[in-house]
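Notes for the one structure printed next.
Per chain, numbering begins at 1; letters A, B, ... match sequence-line order.
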2 protein chains.
Amino acid sequence: MRGIFTYLVIMLSSQANLASNQAQVNPHVSVDCVIFGFDFEELKVLLIQRQESPEGTAGSWALPGNLILDNESLDQGAYRVLRELTGLQNIFLEQFQAFGDPDRVRRAEDIAWLTYMRDQPNARVITVAYYSLVKLMDFEPTPSSWARNVDWFPIGAVPSLAFDHNSIVSEALSSLQRHLRQRPVGFELLPPKFTLGQLQRLYESILLVELDKRNFRKKMLKKGILVPLDEKQRGVPHKPAQYYRFDLERYEAVAQGDFDFTPAV
Amino acid sequence: MRGIFTYLVIMLSSQANLASNQAQVNPHVSVDCVIFGFDFEELKVLLIQRQESPEGTAGSWALPGNLILDNESLDQGAYRVLRELTGLQNIFLEQFQAFGDPDRVRRAEDIAWLTYMRDQPNARVITVAYYSLVKLMDFEPTPSSWARNVDWFPIGAVPSLAFDHNSIVSEALSSLQRHLRQRPVGFELLPPKFTLGQLQRLYESILLVELDKRNFRKKMLKKGILVPLDEKQRGVPHKPAQYYRFDLERYEAVAQGDFDFTPAV
DNA sequence: ACAAAAGTGTTTAATATACACCCATGT
DNA sequence: ACATGGGTGTATATTAAACACTTTTGT
């Protein structure tokens with residue numbers, strides 16, 4: 001019961017907005033967010049579990065998403081969904097693709113769920129997909145507040161999802177891989193201070209390659225966008241590592257648009 | 001009058017479809033196409049000129065685009081718009097971004113035009129933008145058939161366009177530039193046989209750089225995706241150039257996904 | 001003491017860059 | 001003959017790749 005309540009609060013908050021500032025839900029356009037996090041070991045995706053509807057729909061997993069409001073942009077809609085779900089703001093968000101197959105809603109349980117949740121359950125909906133990079137430490141969904149309704153899944157163990165959400169996740173990963181090679185987006189997944197080992201494991205687990213430690217360090221440090229801090233790891237059962245931070249100003253000064261981290265396989 | 005007639009045929013053909021196969025126009029989602037062509041000298045964009053409406057709207061230029069039908073995918077919608085406009089099929093088409101600012105329709109003349117053309121002129125519309133690469137030789141809009149309604153514009157001399165179409169063109173160019181460095185998309189803009197000089201000018205005019213002839217040839221030929229033909233240029237007032245063709249099988253065999261043409265500035 | 005990850009350099013191969021002259025054709 | 005773009009090679013600098021051992025800490 002608790003899970004259902006929380007979930008309804010999220011899904012219906014646009015209705016609250018509607019009441020307070022006249023915004024109308026657009027029945028044909030939604031946004032979906034693929035939220036990536038990194039726990040220093042592997043890449044994870046945040047999924048929500050739909051509640052079981054009165055009609056007995058199974059509580060299958062899905063991407064967080066919702067219809068947009070008529071007075072908000074696509075980006076604003078995606079931010080709103082993220083904020084409502086995670087409470088986080090100032091999150092890295094990138095639109096990567098629109099999905100509009102006429103039969104992206106075809107499974108019986110998806111239709112049942114829409115019937116239960118939406119005013120116009122049969123409206124043709126196209127969805128604009130975003131991926132988001134969050135510092136996983138900032139938002140670890142706790143069993144107490146979210147029950148079984150929200151959880152991180154390893155990117156390699158995503159279950160069967162609602163609608164076309166498995167395709168969306170897969171395209172999000174491709175986009176992230178491409179962007180990671182070209183722009184310094186990886187730092188969005190790490191805390192403000194991090195070690196080179198953590199950064200390397202991030203690249204390895206997103207690009208699905210193994211990298212040589214010495215070459216990785218040389219290459220990364222030569223870019224001149226990392227600055228060492230006066231601080232080292234503590235409490236680790238091995239030689240403590242130097243902490244670094246990403247220097248945005250230096251990046252913008254040095255490489256105007258060119259990052260180009262293209263590791264060998 | 002002729003121009004208006006032709007244009008109406010294009011814009012209303014979805015209505016014809018509606019009558020024949022029950023397809024409904026979706027009032028909230030459109031597709032817009034940025035059609036690129038290359039005349040061996042510079043990159044061009046195909047624009048259409050809206051007819052002057054009875055309300056006296058100026059005949060401003062715009063991207064070809066239209067609302068989608070409820071039974072077609074986004075890709076199919078974009079293909080349909082392209083086919084209706086150019087008569088061409090099997091065209092290279094790539095979705096690159098959705099645009100959904102609530103105020104992307106704000107100029108008086110845009111509103112007047114929608115009022116004239118659409119059933120629900122005030123509906124919030126988000127548009128999914130595609131860029132398309134065509135062999136310009138296959139489709140040179142002739143003054144006789146299109147009058148002043150369709151024309152190629154150099155990418156550097158695009159006039160002020162309707163709605164947010166100037167932003168869309170600019171983002172399309174960025175996407176094309178990015179893709180050209182990473183994938184062999186340039187050949188879509190060239191005829192089946194072309195010279196290395198033509199290919200170089202294509203890269204130069206899209207990426208807006210000057211390239212060294214010798215290095216360009218070495219680099220391009222080393223990829224092993226071009227095959228020389230038994231044919232040379234004829235009728236040119238200089239040493240005739242060797243013709244080449246792009247070999248797709250060879251590309252797919254050799255470079256699995258990696259093209260990486262990253263020229264120096 | 002041992003386990004575990006941090007940290008460090010050199011050699012070799014591949015790739016990128018800069019650069020200048022002769023060639024074949026149409027007019 | 002001349003103008004025009006086609007075609008070619010080499011030397012140098014930069015970047016990528018392969019590779020192994022010592023260090024520091026917690027247990």
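Remark on DNA chain D: of its neighbouring residues A:P237 and A:K222, the 5'-side contact belongs to A:K222, judged by nearest-heavy-atom nucleotide. With the nearest nucleotide of DNA chain C identified for both A:D212 and B:N215, A:D212 has the one nearer the 5' end.
A:L190 CG to A:L199 CG: the interatomic distance, rounded to the nearest 0.5 Å, is 6.0 Å.
In this structure, CZ of B:R234 is placed 18 Å from C1' of D:dG6, rounded to the nearest angstrom. Between the P atom of C:dA6 and the OH atom of A:Y244 lies a distance of 11 Å, rounded to the nearest Å. Computed from coordinates, the A:E231 CD to C:dA6 P distance equals 16 Å when rounded to whole Å. Summarising the geometry, the separation between CE on B:M220 and P on C:dT17 is reported as 14 Å, rounded to the nearest angstrom. Here the P atom of nucleotide D:dG5 and the CZ atom of B:R201 are 8 Å apart, to the nearest Å. The distance from atom CD of B:Q200 to atom C1' of D:dG7 is 12 Å, rounded to the nearest whole Å. Protein atom CD of B:E41 is 14 Å distant from nucleotide atom C1' of D:dT4, rounded to whole Å. Between the P atom of D:dG7 and the CG atom of B:L211 lies a distance of 17 Å, rounded to the nearest Å.
Comparing D:dG7, D:dG9, D:dA17 against the side chain of B:R217 picks out D:dG7 as the nearest. Here the side chain of B:K218 is nearest to one of D:dT24, D:dT10, D:dG6, namely D:dT10. Of the candidates C:dG7, D:dG7, C:dA20, the closest approach to any side-chain atom of B:R214 belongs to C:dA20.
A donor-acceptor contact under 3.5 Å is not formed by the side chain of A:K239 with the base of C:dA4. A donor N or O paired with an acceptor N or O is found under 3.5 Å between the base of C:dG7 and the side-chain atoms of A:K213.
A:K232 comes within 4.0 angstrom of no nucleic acid atom, judged by non-hydrogen atoms across all strands. Residue contacts for B:Q242: at a heavy-atom cut-off of 4.0 Å it reaches the sugar-phosphate backbone alone, with no base atom in range.
Using a 30° and 60° split on the angle between ring planes, A:W61 and A:F153 fall in the perpendicular class, above 60°.
Under the ring-ring contact (aromatic ring centres under 6.0 Å, His included) test applied with A:F194, the options A:F40, A:F187, A:F246, A:F38 reduce to a single match, A:F187.
Here the shortest heavy-atom pairing between B:G37 and B:L189 reads CA-CD2, 3.9 Å.
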*Could you go step by step and tell me if B:H179 and B:F96 meet the ring-ring contact (aromatic ring centres under 6.0 Å, His included) rule?*
CA-CA 11 Å; B:H179 294 166; B:F96 67 94; 8.7 Å; no
